[in-house]
Enquirer: 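I have a structure I would like to understand better, so I am pasting it below and will then ask my questions one at a time.
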Number of protein chains: 2
Amino acid sequence: MNTTRSGRPALTRPDGTPLRVLVVDDDPDLAEVLSGALRYEGWRVRSAGDGAAALAEARELMPDAVVLDVMLPDTDGFAVLRSLHTVKPDVCVLFLTARDAVEDRIAGITAGGDDYVTKPFSLEEVVARVRGLLRRAGMARQQEEGPRLTVGDLVMDEEAREVTRAGDLIELSPTEFELLRFLMRNPRRVLSKAQILDRVWSYDFGGRAHVVELYISYLRKKVDAGREPMIHTVRGAGYVLKPVSP
Amino acid sequence: MNTTRSGRPALTRPDGTPLRVLVVDDDPDLAEVLSGALRYEGWRVRSAGDGAAALAEARELMPDAVVLDVMLPDTDGFAVLRSLHTVKPDVCVLFLTARDAVEDRIAGITAGGDDYVTKPFSLEEVVARVRGLLRRAGMARQQEEGPRLTVGDLVMDEEAREVTRAGDLIELSPTEFELLRFLMRNPRRVLSKAQILDRVWSYDFGGRAHVVELYISYLRKKVDAGREPMIHTVRGAGYVLKPVSP
DNA sequence: GCAACCTCTCAGACAGCTCTGAACGGGCGG
DNA sequence: CCGCCCGTTCAGAGCTGTCTGAGAGGTTGC
């Protein structure tokens, strides 16, 4: 079976083969980091540095999804989107855009079911969005109950951004939500503060690991409040999320 | 089963296959955005940039409906309509026209069961009209109760443009109505302001996301007034419409 | 041409979020 | 047993996101 590097079963195409994703960004470092994060999901990933290369790769790879920087050296993202659709009409696109550029050309993009994130973003965010796009487009095999994440009696509905424990609703801030999502995607596995920082916080975040400790403590107050704890500290190593009983 | 990208069951042909729609507009960006929005409904979409290409595509696709710009580089929309009818006599047509364009000629067209919207339009409007055309023409399989949208005790009759909550009639302005329709078509899902803006406001609207907040507040006053709230803010993410109890 | 309504902009108030610094406490090695 | 270090928690500053009211400009209908 096709699996992620983390051992979790991968989100695959309906026929069980790995999903294909193309990353297009002119910053090679960023493209590399993104590719790595997507590959970690068990997907087949290629990358390109400009619009022309993107088209060439797309013709060869026939990707299910494209992660596409709006600002490219040769063309703009919108033109690339059109060309991509002629190559593969049902391709999903996640745009990467600068915060202050949001207003200009993004209009209309999300209307087609595509999506975007603003730089600087967290990898967890990008991966989650791509996963959401693929699932909604019906390109990914529906796992169990679809967009529902479950660890013990803790349940997260990613689309509704709703979290419950033993049926009780838990309200979370955006950062708390992303941190918990990362933990829930990697249950029973110790995650180092560095890993968490790299994955949940923006790639250009200069802060220290102390923030992670702080947000873990916030999460504990809300998730474990008065109940049997699910979030555990592993001294010198990191944190684990585990279901209570076994 | 054939489904929309949003996961909702798609409006299909009587035999269950996807509906086919042809988009004809000489502005490639607009054609792209329209195609995206229609594809998002789970339909099979092709597009063309002029009358000749439209005919060629139509012969191949045999569309159930055509979204047709009246002003084309080579011919005018009415001539195209005539040719289309020779290719597929029962095709439905939604005309796209400038506000100040000849209303009289359009008026004659709509008598034949076809419809039109004036530029600039919102995507929600176009999609709703196409849906209406197909339904009235009997080309689409009637789903559940047809043009009735229900979320909890909130009910919208799209054709009568009537909304009730717990039986009480709620009067809405056009924009309020479209916003609520979009929310009701995507219940329990967080919708970002950008998504809402792209979908409910005209494609050329240059304004900021602030309008969305404003109209959400109008809706709350009318829909949630004194009752258990159904419209919820998800800080940093967007808004959700949810039935009250579960 | 007047009145009513609809739509959108602007600016201010407010609340919640994010992160810093600093103090506290408990495990673990010496 | 002591001291160090890791982890936790608290308090607070600054920022951002969200809501509201007032009002201008435009359109529609009478």
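Naming convention: chains lettered A, B, ... in sequence-line order (proteins, then strands); numbering from 1 in each chain.
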Enquirer: What is the distance from CD1 of B:Ile231 to P of D:dC19, rounded to the nearest Å?
Expert: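 Nearest whole value for this atom pair: 11 Å.
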Enquirer: NE2 of B:His232 versus C1' of D:dC19: gap in Å, rounded?
Expert: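 Checked: the NE2 to C1' distance equals 17 Å.
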Enquirer: State whether B:Trp201 places a side-chain N or O below 4.0 Å from either non-bridging phosphate oxygen (OP1 or OP2) of C:dT7.
Expert: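 Checking B:Trp201 against C:dT7: no side-chain N or O falls below 4.0 Å of OP1 or OP2.
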Enquirer: Between B:Asp224 and B:Met230, is there a donor-acceptor pair closer than 3.5 Å when you use the side chain of the first and the backbone of the second?
Expert: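 Yes; at least one donor-acceptor contact below 3.5 Å.
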Enquirer: Using the 3.5 Å cut-off, write out each protein N or O paired with an N or O of nucleotides 24-30 of chain C and the distance between them.
Expert:
unit_1 : atom_1 : unit_2   : atom_2 : d
C:dG26 : N2     : A:Arg235 : NH2    : 3.2

Enquirer: Please classify the nucleic acid contact of B:Leu214 as base, sugar-phosphate, or nothing, using heavy-atom distances under 4.0 Å.
Expert: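 Contact class for B:Leu214: base.
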Enquirer: Expressed as a whole number of angstroms, how long is the span from A:Lys221:NZ to D:dA11:C1'?
Expert: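 In whole Å, D:dA11 C1' and A:Lys221 NZ are 11 Å from each other.
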Enquirer: What I want to check is whether the side chains of B:Thr233 and B:Arg220 have a donor and an acceptor closer together than 3.5 Å.
Expert: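 Short answer, yes.
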Enquirer: Give the rounded distance in Å between these two atoms: CD of B:Glu213 and C1' of C:dC8.
Expert: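 About 13 Å, once rounded to whole Å.
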Enquirer: Calculate the interatomic distance between A:Arg220 atom CZ and D:dT9 atom P; express it in whole Å.
Expert: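 A:Arg220 atom CZ is separated from D:dT9 atom P by 6 Å.
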Enquirer: When only distance counts, do a donor and an acceptor, one from the side chain of B:Tyr218 and one from the base of C:dC8, lie under 3.5 Å apart?
Expert: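 Under the 3.5 Å cut-off, the side chain and the base do form a donor-acceptor pair.
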Enquirer: Between C1' on C:dT7 and CG on B:Leu179, what's the gap in Å once rounded to a whole number?
Expert: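 Atom CG in B:Leu179 sits about 13 Å away from atom C1' in C:dT7.
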Enquirer: I'd like to know if B:His210 reaches the base of C:dC8 with its side chain such that a donor and an acceptor end up less than 3.5 angstrom apart.
Expert: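 No such pair is found, so the answer is no.
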Enquirer: I want to check one thing: is the phosphate of C:dC6, taken as OP1 and OP2, less than 4.0 Å away from some side-chain N or O of B:Ser173?
Expert: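 No, no such contact exists.
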Enquirer: Of A:Gly238 and B:Lys193, whose nearest nucleotide on DNA chain D comes first from the 5' end?
Expert: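 The residue whose closest nucleotide sits nearer the 5' end is A:Gly238.
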Enquirer: Check whether any side-chain N or O of A:Arg39 sits under 3.5 Å from a backbone N or O of A:Val45 as a donor-acceptor pair, and report yes or no.
Expert: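 Yes, the answer is positive, given that a donor and an acceptor are paired below the 3.5 Å cut-off.
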Enquirer: How long is the line joining CZ of B:Arg208 and P of D:dG17, in whole Å?
Expert: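 Going from CZ in B:Arg208 over to P in D:dG17 covers 12 Å.
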Enquirer: For A:Tyr239 and D:dG7, what is the distance between atoms OH and C1' respectively, to the nearest whole Å?
Expert: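 That distance rounds to 6 Å.
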Enquirer: Tell me the closest heavy-atom pair linking B:Ala194 and A:Thr110, and the distance in Å.
Expert: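 Heavy atoms only, the tightest pair is O-OG1, 3.8 Å.
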Enquirer: So which one's nearest nucleotide on DNA chain C is more toward 5', A:Gly206 or B:Glu176?
Expert: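 It is B:Glu176 whose nearest nucleotide is closer to the 5' end.
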Enquirer: OP1, OP2 of D:dC6 versus side-chain N and O of A:Thr233: anything below 4.0 Å?
Expert: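 No, A:Thr233 has no side-chain N/O under 4.0 Å of OP1/OP2 on D:dC6.
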Enquirer: Using modelled atom types and a 3.5 Å cut-off, is there a donor and acceptor pairing between side-chain atoms of B:Ser122 and backbone atoms of B:Glu125?
Expert: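 The answer is yes, because a donor-acceptor pair under 3.5 Å joins these two groups.
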Enquirer: Looking only at heavy atoms, which two atoms of A:Val200 and A:Glu178 are closest? And how far apart?
Expert: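 Where A:Val200 meets A:Glu178 most closely, the heavy atoms are O-OE1, 3.5 Å.
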Enquirer: Strictly under 6.0 Å, is that where the ring centroids of B:Tyr215 and B:Trp201 end up?
Expert: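 Yes.
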Enquirer: Ignoring the backbone of B:Ser217, work out which of C:dT7, C:dC17, D:dT20 is nearest its side chain.
Expert: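 For B:Ser217, the side-chain atoms sit closest to D:dT20.
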